[in-house]
Amino acid sequence: MTTLALLAAPVLAGDAVSEFELGVKTYRDFCAHCHGPEMVNPGTNSYDLRKWPTDNRDGFVTAVLHGRGDMPAWGDILLPDEVSALWRYVATRGGKEPFPDSSD
């Protein structure tokens, strides 16, 4: 029972976890079921996040917080650090590209 509680515990800002690792977890927990594992679209009509312009952080944050098309709004669920970490994950194409300096 204790193990289950530890696995389900949220990642807190003070924990020793990088922003990228938080982005991986947030993506996996909230985005992967529609946008695919590691942003590889599973054949649905969802947007291919690998194509999101890395110079459009504000648009990304707005879409995440308020929803877009069929995508739900996550503004009441995700914490600001999770949204920021999610942006880092998407802007680096899942860690495959360097983080764009001008978009942070």
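Any value given below was found using the heavy atoms of this structure, including those in side chains, with hydrogens, waters and symmetry copies removed. One is the number of the first residue; the rest follow in order along the sequence.
Trp74 places none of its side-chain heavy atoms less than 4.5 Å from the side chain of Leu65. A heavy-atom distance below 4.5 Å is found between the side chains of Phe99 and Trp87.
With sequence neighbours excluded, no residue forms a salt bridge (Lys or Arg N to Asp or Glu O under 4.0 Å) with Arg68.
The backbone N or O of Phe20 lies less than 3.5 Å from no partner atom in the side chain of Arg88, so there is not a single donor-acceptor pair.
Closest approach of Pro53 to Tyr47, counting heavy atoms only: CD-OH, 4.3 Å. Closest approach of Thr92 to Pro98, counting heavy atoms only: CG2-C, 4.1 Å. Across every non-hydrogen atom of Ser46 and Asn41, the tightest pair is O-ND2, 2.6 Å. The shortest heavy-atom contact between Ser84 and Arg57 is OG-NH2, 3.9 Å.
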Could you list the donor-acceptor pairs under 3.5 angstrom formed between side-chain atoms of residues 26-33 and any protein atom two or more places apart in sequence or on another chain?
unit_1	atom_1	unit_2	atom_2	d
Thr26	OG1	Leu22	O	2.8
Tyr27	OH	His35	O	3.3
Tyr27	OH	Gly36	O	2.5
Tyr27	OH	Met39	N	3.3
Asp29	OD2	Lys25	NZ	2.5

From CA spacing to verdict: side-chain contact (heavy atoms from CB on, under 4.5 Å), Lys96, Glu38: CA-CA 10 Å; Lys96 294 176 178 73; Glu38 297 182 23; 3.5 Å; yes
Verdict with reasoning, Val90 to Arg50, per side-chain contact (heavy atoms from CB on, under 4.5 Å): CA-CA 7 Å; Val90 170; Arg50 295 170 296 175; over 6 Å; no
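The structure places CG of Leu49 at 8.5 Å from CZ of Arg93, a figure rounded to the nearest 0.5 Å.
When the side chains of ILVMFWY residues are joined at heavy-atom separations under 4.5 Å, either directly or via intervening members, Val64 and Ile77 end up in a single hydrophobic cluster.
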